[in-house]
Novice: 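First, the structure itself, so that you have it in front of you.
Numbering starts at 1 and runs along the sequence shown. Note that the coordinates shown come from a computational prediction; the quantities given were computed from them, not determined experimentally.
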Amino acid sequence: MSKTVIFHNPRCSKSRATLAILEDQKIEFSVVKYLDSPLNESGISKLLTELNMDIRDILRKNETDYKEQEFSDPALSDAELITKLSQFPKVMERPIVSHLGNAAIGRPPENVLSLFK
């Protein structure tokens, strides 16, 4: 696998724009369509470490699954949220680019360029 990975949702305009930025910058990368191949708990935990964020920081609060699966429940531990996210990947913020042990969310898409300085 490439040193750079984009966790991509082709239906998302921000994700497509981030992908285009990587291509324009001639960055070699691999694509993980995380809705087709959801991350497991350890993959999510690794991404959180690379992002230097908490699980609640990468949850899409307007997603139907977020509401229906009660991700907002304050009683849920981080581990429980990570397990839930592995089961409902649509709730994960997108896109996320991982590069050499660091990661950035592509919102706005230009955010990911900080990984390559």
Novice: Between Ser15 and Cys12, is there a donor-acceptor pair closer than 3.5 Å when you use the side chain of the first and the backbone of the second?
Specialist: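 Pair absent, no side-chain N/O of Ser15 close to backbone of Cys12.
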Novice: Could you work out, with salt bridge (charged side-chain N to carboxylate O under 4.0 Å, His left out) as the rule, every residue matching Arg56, not counting sequence neighbours?
Specialist: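 For Arg56 there are no salt bridge (charged side-chain N to carboxylate O under 4.0 Å, His left out) partners, ignoring immediate neighbours.
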Novice: Kindly indicate whether the side chain of Leu48, heavy atoms from C-beta on, has any atom under 4.5 Å from the side chain of Ile58.
Specialist: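 Of all side-chain heavy-atom pairs linking Ile58 with Leu48, at least one is under 4.5 Å.
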Novice: With a 4.5 Å cut-off on side-chain heavy atoms, are Leu115 and Thr4 touching?
Specialist: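 Heavy-atom side-chain distance check fails, nothing below 4.5 Å.
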Novice: Is the closest side-chain heavy-atom distance between Pro89 and Leu39 below 4.5 Å?
Specialist: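 SC-SC contact between Pro89 and Leu39 ruled out.
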Novice: Could you tell me which non-hydrogen atom of Gly106 sits nearest to which non-hydrogen atom of Lys14, and how far apart they are?
Specialist: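 Nearest pair, atom of Gly106 first, then Lys14: O-CB, 4.0 Å.
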Novice: Salt-bridged, Lys3 to Glu28, with N to O below 4.0 Å?
Specialist: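 No.
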Novice: Give a yes or no on whether Asp73 atom CG has more than 12 heavy-atom contacts from other residues, nucleotides or ligands under 6.0 Å away.
Specialist: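 Count over threshold, so yes.
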Novice: Please confirm whether the ring centroid of Tyr34 lies under 6.0 Å from the ring centroid of His8.
Specialist: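 No: the rings miss the under 6.0 Å criterion.
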Novice: Report whether Val91 and Met53 are members of the same hydrophobic cluster (ILVMFWY, side-chain heavy atoms less than 4.5 Å apart, transitive linking).
Specialist: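 Val91 clusters together with Met53.
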Novice: Using a 4.5 Å cut-off on heavy atoms from C-beta on, say whether the side chain of Glu110 contacts that of Ile21.
Specialist: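 Touching, per the 4.5 Å side-chain cut-off.
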Novice: If a pair satisfies ring pair (Phe, Tyr, Trp, His ring centres under 6.0 Å) and one of its residues is in residues 48-70, list it, with sequence neighbours excluded.
Specialist: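 Listed once each, the pairs are Tyr66-Phe71.
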Novice: If you measure only the distance, is there a donor-acceptor pair under 3.5 Å linking the side chains of Glu80 and Ser77?
Specialist: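 The criterion, which ignores hydrogens and geometry beyond distance, is satisfied for Ser77 and Glu80.
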Novice: Any side-chain heavy-atom pair from Val5 and Phe29 closer than 4.5 angstrom?
Specialist: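 No, too far: nothing below the 4.5 Å cut-off.
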Novice: Is it the case that more than 12 heavy atoms not belonging to Lys61 sit under 6.0 Å from its NZ atom?
Specialist: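 Above 12, so yes.
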Novice: Applying a strict under-4.5 Å side-chain criterion to I, L, V, M, F, W and Y, I'd like to know whether Val32 and Ile44 cluster together.
Specialist: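 Linked within one cluster.
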Novice: Rounded to the nearest 0.5 Å, how far apart are CG of Leu81 and NZ of Lys84?
Specialist: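 These two atoms lie 8.0 Å from each other.
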Novice: Compare every heavy atom of Arg107 with every heavy atom of Asn111, then report the nearest pair and how far apart it is.
Specialist: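 For Asn111 and Arg107, the tightest heavy-atom pair comes out as ND2-O, 2.7 Å.
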Novice: Got Thr18 and Arg94 here, is their nearest side-chain heavy-atom distance under 4.5 Å?
Specialist: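 Thr18 does not reach Arg94 side chain to side chain.
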Novice: Kindly compute the distance separating CG (Leu100) from CD (Glu50), expressed to the nearest 0.5 Å.
Specialist: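 The distance works out to 9.5 Å.
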Novice: Between the side chain of Asn52 and the main-chain N/O of Thr49, is any donor-acceptor distance below 3.5 Å?
Specialist: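 The answer is no, because no donor-acceptor pair under 3.5 Å joins these two groups.
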Novice: Roughly how far apart are Phe116 CZ and Asn102 CG, rounded to 0.5 Å?
Specialist: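 It is 10.0 Å, given to the nearest 0.5 Å.
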Novice: Check each of Leu76, Leu47, Asn40, Ile55 against Ile82 using the side chain to side chain contact (heavy atoms under 4.5 Å, CB included) test, and report the only one that passes.
Specialist: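 When side chain to side chain contact (heavy atoms under 4.5 Å, CB included) is applied between Ile82 and each of Leu76, Leu47, Asn40, Ile55, only Ile55 qualifies.
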Novice: Side chains of Glu93 and Leu59: closer than 4.5 Å at any heavy-atom pair?
Specialist: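 Not touching, per the 4.5 Å side-chain cut-off.
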Novice: Supply the atom-to-atom distance Asn62 CG to Lys67 NZ, rounded to the nearest 0.5 angstrom.
Specialist: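 Asn62 atom CG to Lys67 atom NZ measures 5.0 Å (nearest 0.5 Å).
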Novice: If the condition is salt bridge (charged side-chain N to carboxylate O under 4.0 Å, His left out), which residues does Lys90 pass it with, not counting sequence neighbours?
Specialist: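 So Lys90 forms no salt bridge (charged side-chain N to carboxylate O under 4.0 Å, His left out) with any residue.
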Novice: Could you check whether any side-chain heavy atom of Phe7 comes within less than 4.5 Å of a side-chain heavy atom of Val97, counting everything from C-beta outward?
Specialist: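 Phe7 does not reach Val97 side chain to side chain.
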Novice: State yes or no: do Ile6 and Ile96 share one hydrophobic cluster built from I, L, V, M, F, W and Y residues joined by side-chain heavy-atom distances below 4.5 Å, directly or via other members?
Specialist: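 No, no single cluster joins them.
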